[in-house]
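Remember, it's a predicted structure, so these values are computed and weren't measured experimentally. The chains referred to below are lettered A, B, ... by the order of the sequence lines, with proteins before strands, and numbering in each begins at 1.
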Amino acid sequence: MVEGLPGNGEVAARLELMGDLLEIEGAVRHRVLAYRRGAARIRATPESVAALAVAGRAVELPDIGATLQDKVAELATTGTIGALDRLCSRVPPGLAEVARLPGLGPRRARALFEQAGVTGLDGLRRALAEGRLAGVEGIGPKTVAALEAELAARDAAPADALAPLGRALPAAERVAAALAAATGARVEVAGSLRRGADRVKDVDLAAASDDPEAVHRALAGLGLVDEVLTEGPEKTAVRTHDGLRVELRTAPPDRFGNLLQHLTGSRAHNVRLRELARRQGRSVSEHGIVDAEGRTATSPDEAGVYRELGLEWIPPELREDRGEIEQARDGRLPRLVEVGDLRGDLHTHSTWSDGTATIAEMAAAAAARGYDYLGVSDHSRSLAMAGGLDPDRLRRQWEEIARVQEGVSGVRLLRASEVDILADGRLDFDDEVLAALDWVTASVHSAFRQPPERITARLLAAIEHPHVDAIGHPTGRMLGRREGYAFDVDRVLEAAARTGTCLEVNGQPARLDLDAALARRALEAGVRLIVSSDAHSTDALGFVRNGVLVARRAGARAEDVANTRQWPGLRD
DNA sequence: GCCGTTTTCGGCCCGACTGTTTTCAGTCG
């Protein structure tokens with residue numbers, strides 16, 4: 001973050017508001033789109049766009065032209081945007097929130113303003129309570145009922161309704177498997193979940209079948225389904241008993257690739273793809289690619305869809321309009337790391353601290369996964385509530401590791417530790433103990449509320465420590481529960497790159513830490529990653545799958561992830 | 001408002017479903 005300048009999030013929010021209000025006012029559609037695109041670009045940019053705009057260099061970003069740059073620079077230097085202030089005097093800014101309610105939109109928000117005097121959510125509540133919505137154009141009794149239900153639901157549970165990847169992915173696969181079993185159709189998870197997003201709003205499924213209606217009927221009839229939300233011949237949306245919204249689309253097998261590509265998105269990726277096709281005089285949709293003569297090209301698989309457009313197949317995790325289409329055109333896509341590339345897991349727990357499986361059980365599970373090595377990394381003593389080990393118990397644990405090793409072939413058991421980074425920056429073990437360990441992961445588990453300089457100093461001290469090999473869950477965030485602690489990311493990345501200290505991508509469903517954006521920055525800074533399960537049970541070793549998805553979204557190749565190496569090379 | 005191996009002007013991504021209308025616009029993904 002650059003001192004005194006508005007952050008990218010704030011800049012993007014202002015431009016989004018401008019887009020929303022212009023849309024309600026009835027501005028030309030593509031002008032609205034330009035504001036939204038510019039805002040999305042700013043949000044996804046790792047540097048300070050305000051600083052770039054002041055220097056006249058924001059126009060070098062795609063989707064940012066002279067006009068948007070001027071507005072960002074004005075915001076950076078004066079703290080306001082004159083055009084936005086004038087717009088707010090014509091269109092009450094609270095209407096933007098009203099327009100985002102399900103079932104409403106810019107046109108109905110405007111009608112509510114002009115015909116019922118609604119200027120925001122509170123005004124809408126009053127108008128509803130007083131029955132003043134009858135007669136407003138485009139708003140009938142069903143919309144009124146839906147609005148009342150929505151506002152009541154918000155009062156009851158204001159928490160965000162996003163499901164974390166680690167919960168949504170297994171749930172989605174359960175639905176897909178049940179549907180496949182019931183119909184014999186091929187069913188695939190698509191949408192943001194397939195792209196590895198760490199939180200998702202809903203689950204998209206794509207099914208290949210010559211009898212689509214039977215598949216739609218089958219979904220509505222599954223025991224997992226609580227409520228059918230929409231029903232049509234081509235699209236069904238349901239809510240499962242565990243609260244997940246699931247949307248199904250179907251296609252005959254010969255154009256399943258077109259459907260899967262369409263449903264996987266992202267929206268921005270698909271827009272770019274369609275623009276590319278349009279320049280070639282063709283049109284892309286889930287039904288196929290139509291050329292100027294009206295001929296339709298379809299494909300049973302996604303690779304055929306991309307090939308038709310002159311592109312390499314693009315891994316779903318990269319489909320975010322970050323330059324992947326150009327890379328695919330030029331054959332420059334990275335070969336992303338895969339779960340099968342991992343040679344071992346260096347962050348796992350056993351019954352010696354807060355794990356539920358013995359070292360022997362964890363070793364057997366690691367062997368079953370085909371690992372070459374397993375780091376047994378129980379907590380250190382300061383984490384008393386997790387049964388952290390003091391040096392004496394640690395030494396006795398080493399004896400057990402040696403005993404178990406005798407009965408296990410194929411997997412090398414490593415003396416590892418997840419050692420606490422104490423509040424003052426010291427580590428929870430002496431250097432002598434640390435030196436005897438094969439692998440040391442240092443983690444922050446306490447004093448999260450320290451000021452950013454203190455947290456930064458703790459992380460830097462651990463990174464600079466000669467016996468520390470990796471930093472565990474580097475930001476401390478818990479998905480949907482708490483933000484990570486604040487620290488100076490650039491300094492931490494610089495130090496990690498310089499000292500060769502790995503940063504972890506922790507695959508625990510509640511963590512996913514680093515996240516994809518930070519992992520990408522780490523790679524750009526020259527930092528090597530490590531993908532870990534942080535398993536506290538044998539089944540949880542599978543959490544590396546979540547971590548690999550995050551690493552792939554960051555663009556990581558196998559060589560960017562340390563634990564794709566054999567142990568001797570990694571140790572050295 | 002942005003952008004250009006068709007363009008510095010004239011384009012700009014595509015289709016399904018719902019609720020509101022009385023044949024379709026708006027919303028959603």
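- Proximity of A:K201 to the phosphate of B:dC28: no side-chain N or O atom is located under 4.0 Å from OP1 or OP2.
- Residues A:R14 and A:L84 have side chains in contact (heavy-atom distance under 4.5 Å, counting atoms from C-beta outward).
- Distance A:L276 CG to B:dC12 P: 15 Å, rounded to the nearest Å.
- Residue A:H30 places no side-chain N or O under 4.0 Å from the OP1 or OP2 atom of B:dG10.
- The two residues A:S533 and A:A540 come nearest to each other via the heavy atoms CB-O, 3.4 Å.
- When every heavy atom of A:L21 is checked against every heavy atom of A:P93, the shortest pair comes out as CD2-CA, 3.9 Å.
- Residue A:R278 is the one, among A:R278 and A:R107, whose nearest nucleotide of DNA chain B lies closer to the 5' end (criterion: closest heavy atom).
- Distances shown here put a side-chain N or O of A:R31 below 4.0 Å from the OP1 or OP2 atom of B:dG1.
- Heavy atoms of A:I64 sit under 4.0 angstrom from primed sugar atoms or phosphate atoms, though from no base atom.
- Within the 4.0 angstrom heavy-atom criterion, only backbone atoms of the sugar-phosphate kind lie near A:L68; the bases stay farther away.
- Taking both residues in full, the closest heavy atoms of A:H216 and A:T236 are given as ND1-OG1, 2.6 Å, listed atom of the first, atom of the second, then distance.
- Closest contact between the side chain of A:V271 and the listed nucleotides B:dC2, B:dC13, B:dG19 involves B:dC13.
- In this view, A:H262 satisfies the ring pair (Phe, Tyr, Trp, His ring centres under 6.0 Å) rule with no residue, not counting sequence neighbours.
- Side-chain N/O atoms of A:R267 and base N/O atoms of B:dG29 include a donor-acceptor pair closer than 3.5 Å.
- Rounding to whole angstrom units, CG of residue A:L61 and P of B:dC2 are separated by 12 Å.
- Remark: A:S283 is not in phosphate contact with B:dC13, judged by side-chain N or O atoms under 4.0 Å from OP1 or OP2.
- For B:dT22 and B:dC14, the P atoms lie 31 Å apart once the distance is rounded to whole Å.
- Heavy atoms of A:E137 sit nowhere under 4.0 angstrom from any nucleic acid atom.
- Nucleotide B:dG15 holds its P atom 12 Å from the CG atom of A:N258, rounded to whole Å.
- Put simply, CG on A:D20 is 14 Å from C1' on B:dT27, counting in whole angstrom units.
- Contacts of A:L263 with the nucleic acid, taken as non-hydrogen atoms under 4.0 Å apart, are absent.
- Residue-to-nucleotide proximity on DNA chain B shows that, of A:L229 and A:A109, the 5′-proximal contact is made by A:L229.
- When A:R272, A:R279, A:R278 are each tested for a salt bridge (Lys or Arg N to Asp or Glu O under 4.0 Å) with A:E275, only one passes: A:R272.
- Neither OP1 nor OP2 of B:dC13 sits under 4.0 Å from any side-chain N or O of A:S285.
- Straight-line distance from the NZ atom of A:K71 to the P atom of B:dC2: 8 Å, rounded to whole Å.
- Rounded to whole Å, the P atom of B:dT20 lies 13 Å from the corresponding atom of B:dC28.
- Within 4.0 Å (heavy atoms only), A:L22 reaches no atom of the nucleic acid at all.
- Counting heavy atoms from C-beta on, the side chains of A:E320 and A:R553 come closer than 4.5 Å.
- Among the heavy atoms of the strands lying under 4.0 Å from A:G103 are primed sugar atoms or P, OP1, OP2 only; no base atom is included.
- Counting any heavy atom pair closer than 4.0 Å across all strands shown, A:V284 reaches sugar-phosphate atoms only and no base atom.
- Taking atom CG of A:D202 as the reference point, atom P of B:dC28 lies 13 Å away to the nearest angstrom.
- The nearest whole Å value for the distance from the CZ atom in A:R108 to the C1' atom in B:dA25 is 8 Å.
- Close to B:dC2, at under 4.0 Å from its OP1 or OP2, lies a side-chain N or O of A:T67.
- For the P atoms, the distance linking B:dT27 with B:dT21 amounts to 13 Å, nearest Å.
- Nucleic acid contact class of A:R249 (heavy atoms, under 4.0 Å, all strands): sugar-phosphate only.
- Rounded to a whole Å, the CD atom of A:E247 is 13 Å from the C1' atom of B:dT27.
- Pairing for B:dT8 is absent, judged as Watson-Crick or G-U wobble with the two contacts each under 3.5 Å.
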